[in-house]
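The sequence lines fix the lettering, A, B, ..., with proteins before strands; numbering per chain opens at 1. Because the structure is a prediction, the values reported are computed rather than measured.
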Number of protein chains: 4
Amino acid sequence: MTTKKHQSLKPRKIPSQSRAEQTVAAILEAAACILETKGLDGLNTNLVAQRAGVSIGSLYQYFPGKDALIVALSQRERAVFFAEAEGALNEPTGQRGLKHLIAASVRQQLRRPTLARLLDFEENRPSIAKELAPFITAMTELIRQLLDHEDIPPQPSIETAAGDIIAIVRAIVDAAGERGEVDRTALELRVSRALFGYLGIVGRQP
Amino acid sequence: MTTKKHQSLKPRKIPSQSRAEQTVAAILEAAACILETKGLDGLNTNLVAQRAGVSIGSLYQYFPGKDALIVALSQRERAVFFAEAEGALNEPTGQRGLKHLIAASVRQQLRRPTLARLLDFEENRPSIAKELAPFITAMTELIRQLLDHEDIPPQPSIETAAGDIIAIVRAIVDAAGERGEVDRTALELRVSRALFGYLGIVGRQP
Amino acid sequence: MTTKKHQSLKPRKIPSQSRAEQTVAAILEAAACILETKGLDGLNTNLVAQRAGVSIGSLYQYFPGKDALIVALSQRERAVFFAEAEGALNEPTGQRGLKHLIAASVRQQLRRPTLARLLDFEENRPSIAKELAPFITAMTELIRQLLDHEDIPPQPSIETAAGDIIAIVRAIVDAAGERGEVDRTALELRVSRALFGYLGIVGRQP
Amino acid sequence: MTTKKHQSLKPRKIPSQSRAEQTVAAILEAAACILETKGLDGLNTNLVAQRAGVSIGSLYQYFPGKDALIVALSQRERAVFFAEAEGALNEPTGQRGLKHLIAASVRQQLRRPTLARLLDFEENRPSIAKELAPFITAMTELIRQLLDHEDIPPQPSIETAAGDIIAIVRAIVDAAGERGEVDRTALELRVSRALFGYLGIVGRQP
DNA sequence: TATGAATGAGACTTCATTCAT
DNA sequence: CATGAATGAAGTCTCATTCAT
């Protein structure tokens, strides 16, 4: 069987000893590495275990299956990203908040471009998406609050707008990653233009 | 590994008899169907052959493997799309041209949303992308000509802009497809705003 | 099925028109070529047909199966060889006869070393061997007559001796072919020594 | 094609647990059995695994493919043979050494005639031969030392002589196996005659 | 808990052979 | 007779997952 259906994708145990935490971290990092170097097709549980210096049995001790690995990896990356993105709420205006969000996205992407792109894709698979719903909800909520500022024109559907915004940022930033761009500022500017245009914000962007 | 490394992705033979053409068409359509209903993981050569009502041997007669199937499918869809998109060059202004392009993209996406989204992703995989390079080149050239009109502000890099434009259109349109949107007009409008914003075109869009 | 069991290995029809003869010759030569360049694993009926410039259907018109191809090829080579070897019977002494036989073997092998070696092997497969029995019988008979001369010490078993002689000649000559040797004379000398030693012929060989 | 091109033929992992050693042994013995009863065409990985009482996955855990199986089998047989053959170096004279070598060859062949013959052939296939080069080298060296004794006439090329000797012994011994001979002594005598004749040793062999 | 050998469903692919045109 | 599209049995090989030690 390729993949067992309908099994939990949550980590099996919350590692309480630091030894276990290290194991989990090693496994995730191994998975990340392989994803970056060999792509999705190159990712398999046996290899991950080997690269992590752990037995395959141990891997299954911490992750109930392959998908759980990807979910955990996404969550790891998302957690970092979200911690940065949340700062957007402290910005005084909606536009400043958006810029903050964009900057966080760009930074996230440029840290590990290949990995980010691959995860972006995997997150679309229904089985994975389900587990990442909380993040989507949180992002949507965050964007909703940003759009709520009075310096942002009202949108017909906040839901739709939030989804579009996430998609647009991702698209430009992934495309840049693919091209190997490294200039953060230029990239942020391009994203801003698209986003501000989308939202109907006229006027000068810095 | 799912797929053998480094094998040709080009069709093995061009069908010379009309019976063969039918076979090829049936195979491609079956692949499209499966992609739509069971996703990428559900796509395998045996199932495709079965659904196409041909033997597995026949499939391999025309396609050297699973990836070749995806390539051929992309090319089929791209050909349809490009035929429509090319009309953009007949528009009098750059902005009208872009609208034409957007409309074509939206139409393409709304025809078979799931399929379109899946192919959009697959096309990013390096091995697939290589085979689709001609299409990318053609699209870039088309966009270059559109941006060349004087009603479009000059862009720092045409290449980058072209890539970004393709990515933005795709992103919004795919996101819409995922949500199950069907309102062509509303969708076109949102894409226009993002694109025109990106390009620095100020002023009222309809 | 890899190969149908129990089917005739004889050519299906004796080609009466010269057109058919040419076809058969082309097929055999194509098979020989492929055997030489891609080895046994590279030999398959479709490829042979293609290389012969004939449709696969036509190939089966003349040969009832893959093994029949190999049998026919062996027979073609054997016929040439045997025509030369038979001259041994005209030699005045047994030793001269043997030399004649050796010379014929060496010449045969050096013409197409790789092909000869491959066929030597294939001829051991029971299904092939059956069809080549007449040749073995003829060879055994030929050798029996040579050994019957009074300048050859009597052998305990003519049958065994004949088999051994064929095997020894083949072994040395194939080994030489493998090494890429081209010096006919040196090779003949070595074979003579082994054979004459085997037969208990003492004294000077030229 | 029967076998994937250009993959390693070396065992994938050396069994560290004794359970694994048993598995490997069972697989090799099953392969040997099948080779003896159904020939080369009858050898396939599924059947080997089944006969060995292990899963196909286990087989591939230790052997990357069918050819690796043959290589390992050859090495197993060669190791046994070489251990016996090496004793030839302890003999006082070259001729005694050769007899020792011949006796070892005959014994090896008569143990499992069919298997020996099949392996002899397979070892000629380039891909297999490569892996067995060490054995060939060792044999050549052994023969070189034997021929170095003063009771053996000097040979124009030791390399060639060594190759020929191996080939001659093999040929006669394989032919005997094919005929179902069981008389060790008679066989050894015939080989001796051929070899001594080849080397130019005159005089009475027992 | 950790280990890693074992499992086996299932995907991929070839190629000898047939048969409708 | 020739053609070449179609067939599908038979084989190869992988990898997610389990389980005895």
The nucleotide from E/dA6, F/dA2, F/dT7 with an atom nearest the side chain of C/Ser55 is F/dA2
Given that A/Leu43 and D/Leu47 both sit by DNA chain F, which one's nearest nucleotide is further toward the 5' end?
-> D/Leu47
Can you tell me how far the CD atom of D/Gln50 sits from the CD1 atom of D/Ile56, to the nearest 0.5 Å?
-> 10.0 Å
Provide, to the nearest angstrom, the distance between the CG atom belonging to D/Leu69 and the C1' atom belonging to F/dT12.
-> 13 Å
Looking only at E/dA2, F/dA5, E/dT17, the nucleotide nearest the A/Arg19 side chain is E/dA2
Taking only the side-chain heavy atoms of C/Val54 (C-beta and beyond), determine which of F/dA6, F/dT17, F/dT3 contains the nearest atom.
-> F/dT3
To the nearest Å, give me how far apart CD (B/Gln50) and P (E/dG10) are.
-> 13 Å
Out of E/dT18, E/dT14, F/dC13, minimum distance to the side chain of C/Ile56 belongs to E/dT18
So CG of C/Leu69 and CG of C/Leu59: to nearest 0.5 Å the spacing works out to 5.5 Å
D/Lys66 side chain: which of F/dT17, F/dA6, F/dT12 is closest?
-> F/dT12
Just compare F/dT7, F/dA9, E/dA2 and give me whichever is closest to any side-chain atom of A/Gln61.
-> E/dA2
What donor-acceptor contacts under 3.5 angstrom involve side-chain atoms of residues 27-44 of chain D, with partners at least two apart or in another chain?
unit_1, atom_1, unit_2, atom_2, d
D/Glu29, OE1, D/Arg76, NH1, 3.2
D/Glu29, OE1, D/Arg76, NH2, 3.2
D/Glu29, OE1, D/Arg112, NH1, 3.3
D/Glu29, OE2, D/Arg112, NH1, 3.3
D/Glu29, OE2, D/Arg112, NH2, 3.0
D/Glu36, OE1, D/Arg112, NH2, 3.0
D/Glu36, OE2, D/Arg112, NE, 2.9
D/Thr37, OG1, D/Cys33, O, 3.1
D/Thr37, OG1, D/Ile34, O, 3.4
D/Asn44, OD1, D/Asn46, N, 3.0
D/Asn44, OD1, D/Leu47, N, 2.8

From C/Glu122 atom CD to C/Ile70 atom CD1, the distance as rounded to the nearest 0.5 Å | 4.5 Å
Please report the shortest heavy-atom distance between B/Glu123 and B/Ile128, naming the atom on each side.
-> CA-CG2, 4.1 Å
Reckon A/Ser58 has a side-chain N or O less than 4.0 Å from the OP1 or OP2 of E/dT3?
-> yes
Distance, rounded to the nearest Å, where C/Asn46 contributes CG and E/dA16 contributes C1' = 7 Å
When you look at B/Asp120 and B/Arg78, which way does the salt bridge (Lys or Arg N to Asp or Glu O under 4.0 Å) test go after all the steps?
-> CA-CA 10 Å; B/Asp120 274 353; B/Arg78 287 306 169 204; 3.0 Å; yes
All heavy atoms of D/Tyr62 vs all of D/Ala20, minimum pair found to be OH-CB, 3.1 Å
C/Ser74 side, atom OG; C/Leu132 side, atom CG - distance, nearest 0.5 Å = 5.0 Å
Would you say a side-chain N or O of D/Thr23 is under 4.0 Å from OP1 or OP2 of E/dA5?
-> no
For DNA chain F, which residues in residues 28-36 of chain D have a heavy atom at a distance below 4.0 Å?
-> none
Can you tell me how far OG of D/Ser127 sits from CG of D/Asp67, rounded to the nearest 0.5 angstrom?
-> 5.0 Å
Could you state the interatomic distance from CZ (C/Arg117) to CZ (D/Phe121), rounded to the nearest 0.5 Å?
-> 9.5 Å
Output yes when at least one side-chain N/O atom of D/Tyr60 is less than 4.0 Å from OP1 or OP2 of F/dT14, else no.
-> no
Relative to the 5' end of DNA chain E, which residue comes earlier, B/Asp41 or B/Gly57, by the nucleotide with the nearest heavy atom?
-> B/Asp41
What integer distance in Å separates B/Glu21:CD from F/dG4:P?
-> 15 Å
Taking CG from B/Asn44 and C1' from F/dT14, how many angstroms apart are they, rounded to a whole number?
-> 14 Å
Could you check how far CG of D/Leu59 sits from C1' of E/dA5, rounded to whole Å?
-> 14 Å
Toss me the dot-bracket line for DNA chain E: Watson-Crick and G-U wobble, both under 3.5 Å, 5' to 3', using | for pairs to another strand and [ ] for crossers.
-> .||||||||||||||||||||
Starting from P on F/dT17, measure out to OH on A/Tyr62 and report it in whole angstrom.
-> 19 Å
